[in-house]
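The model shown is predicted, which means the values in this text are computed figures rather than measured ones.
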Amino acid sequence: KLQLISFPQVLKFSIFNKFIAMGRKHQEGSLAVETTKIMEVYITPSTTSQERPMLSERFDPYVIVYANDQVIGKTKPVDNATSVVLNELFVIKSKGDPRSVVFKFDLMDKDDIGDDDDVGQGGFNPAQEESLDNQIVHLKYKGEDIGSISITIKIKDILLI
């Protein structure tokens with residue numbers, strides 16, 4: 001005996017079968033999900049040296065963060081300090097392998113008048129490191145070590161919707 005099925009029922013049946021077929025492709029009935037990798041760059045408590053003559057005077061430090069020579073953000077300036085504790089997070093998505101992203105950190109002095117002053121800089125290349133947790137980036141100015149910042153980079157998969 002033949003039974004006529006209307007178009008909405010056929011469509012519903014087709015979608016249901018496709019859903020079931022997709023579910024069978026993966027273990028435990030979970031459906032396929034698409035993810036992408038992001039990088040969380042944490043700048044954690046750090047210090048700038050108080051022993052160097054250049055930093056013996058108070059200044060308004062902040063850090064500009066670069067990934068592959070592109071600015072990804074700045075920390076908030078700290079007013080009138082000889083040392084600074086930073087605790088900032090920057091999130092990026094790289095076009096290729098996340099470990100191939102090279103980071104640069106510029107320590108700056110915020111000025112109310114004129115351009116901000118470059119106080120030091122350092123770099124970090126994740127491809128050259130086994131661990132990306134609690135890495136010390138030494139900051140230098142004219143070849144002199146003036147302090148350091150600590151960074152942690154976490155590479156995570158996030159769900160694309």
Side-chain angles (χ1 to χ4, degrees), residues 19 22-23 25-161:
F19 181 78
M22 284 173 40
K25 291 180 183 176
H26 304 284
Q27 294 178 359
E28 301 175 12
S30 63
L31 298 178
V33 293
E34 188 177 353
T35 62
T36 189
K37 292 194 180 304
I38 62 164
M39 299 177 80
E40 295 179 340
V41 182
Y42 296 87
I43 299 179
T44 53
S46 56
T47 59
T48 54
S49 174
Q50 296 182 32
E51 300 169 4
R52 302 286 178 220
M54 183 184 79
L55 298 181
S56 61
E57 295 180 21
R58 295 190 178 276
F59 69 120
D60 304 320
Y62 68 96
V63 175
I64 302 173
V65 182
Y66 299 83
N68 290 343
D69 296 320
Q70 182 176 344
V71 174
I72 63 168
K74 299 177 185 179
T75 64
K76 295 175 187 79
V78 177
D79 291 333
N80 206 20
T82 56
S83 65
V84 60
V85 175
L86 301 171
N87 198 4
E88 302 265 349
L89 167 66
F90 302 95
V91 179
I92 63 169
K93 180 187 176 339
S94 68
K95 291 181 181 177
D97 177 11
R99 281 189 168 262
S100 69
V101 176
V102 177
F103 293 91
K104 182 179 140 198
F105 305 91
D106 286 349
L107 178 62
M108 304 294 290
D109 177 16
K110 179 84 175 145
D111 289 336
D112 293 329
I113 301 172
D115 294 336
D116 295 350
D117 300 319
D118 181 11
V119 181
Q121 54 185 233
F124 183 76
N125 185 347
Q128 296 177 346
E129 303 293 334
E130 283 185 39
S131 173
L132 303 180
D133 288 333
N134 296 317
Q135 293 289 324
I136 301 299
V137 177
H138 295 281
L139 302 173
K140 296 184 182 283
Y141 182 76
K142 295 184 180 179
E144 292 256 351
D145 188 11
I146 55 112
S148 64
I149 60 172
S150 176
I151 64 167
T152 293
I153 298 173
K154 294 183 180 181
I155 300 172
K156 294 183 173 182
D157 284 319
I158 60 166
L159 182 65
L160 287 176
I161 304 239

Student: List the atom of Asp133, the atom of Ile153, and the distance in Å for their closest heavy-atom pair.
Tutor: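 That closest heavy-atom pairing would be OD1-O, 4.5 Å.
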Student: Any donor-acceptor pair under 3.5 Å linking the side chain of Ser150 with the backbone of Thr44?
Tutor: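 Flag not set: sc Ser150 to bb Thr44 has no pair under 3.5 Å.
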Student: Are Asp118 and Met108 packed together at the side-chain level, in the sense that at least one heavy-atom pair is separated by less than 4.5 angstrom?
Tutor: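 A side-chain contact exists here, since the closest heavy-atom pair is under 4.5 Å.
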Student: Under a 4.5 Å cut-off applied to non-hydrogen side-chain atoms, are Ile151 and Phe103 in contact?
Tutor: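 Side chain of Ile151 against side chain of Phe103, heavy atoms only: no contact under 4.5 Å found.
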Student: Counting N and O atoms only, with roles assigned by atom type, does the side chain of Asp116 sit under 3.5 Å from a partner on the main chain of Asp111, one being a donor and the other an acceptor?
Tutor: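 Between the backbone of Asp111 and the side chain of Asp116 there is a qualifying donor-acceptor contact (under 3.5 Å).
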Student: Of the non-hydrogen atoms in Gly122 and Leu139, which two are nearest, and what is the gap between them?
Tutor: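 In terms of heavy atoms, the two residues are closest at N-CD2, 3.6 Å.
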Student: Is Lys37 paired with Asp157 through a side-chain N to carboxylate O contact shorter than 4.0 Å?
Tutor: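 Answer for the salt bridge query: yes.
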Student: Drop me the distance from His138's NE2 to Asp145's CG, to the nearest 0.5 angstrom.
Tutor: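 If we round to the nearest 0.5 Å, His138:NE2 and Asp145:CG are 6.5 Å apart.
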Student: Rounded to the nearest 0.5 Å, how far does CE of Met39 lie from CZ of Arg99?
Tutor: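 Nearest 0.5 Å value for the CZ-CE distance: 8.5 Å.
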Student: How many angstroms lie between CG in Leu86 and OG1 in Thr75, if you round to the nearest 0.5 Å?
Tutor: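 Rounded to the nearest 0.5 Å, the CG-OG1 separation comes to 5.0 Å.
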Student: So, taking the atom named CG in Leu160 and the one named OG1 in Thr35, what distance separates them when rounded to the nearest 0.5 Å?
Tutor: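 The OG1 atom of Thr35 is 7.0 Å from CG of Leu160, to the nearest 0.5 Å.
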Student: Would Lys74 count as a cation-pi partner of Tyr62, with NZ or CZ less than 6.0 Å from the six-membered ring centre and within 45° of the ring normal?
Tutor: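 So Lys74 doesn't make the cation-pi contact.
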Student: Only one of Ile155, Leu132, Val41 passes side-chain contact (heavy atoms from CB on, under 4.5 Å) with Pro126; say which it is.
Tutor: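 Only one of Ile155, Leu132, Val41 forms a side-chain contact (heavy atoms from CB on, under 4.5 Å) with Pro126, namely Leu132.
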Student: How many angstroms lie between CD in Gln70 and NZ in Lys104, if you round to the nearest 0.5 Å?
Tutor: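 Result: 13.0 Å between the selected atoms.
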Student: Quick check: does any side chain N or O of Asn68 sit under 3.5 Å from a backbone N or O of Val102, one acting as donor and the other as acceptor?
Tutor: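 Checked: pair present.
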Student: So does Leu89 get a backbone contact from the side chain of Glu40, meaning a donor-acceptor N/O pair under 3.5 Å?
Tutor: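 Answer holds: no.
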Student: Above 12 or not: heavy atoms from other molecules or residues under 6.0 Å from NZ of Lys142?
Tutor: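 Atom NZ in Lys142 is not packed in, count stays at 12 or less.
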Student: If you round to the nearest 0.5 Å, how far is CD1 of Ile158 from CD of Glu34?
Tutor: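 CD1 of Ile158 is found 11.0 Å from CD of Glu34.
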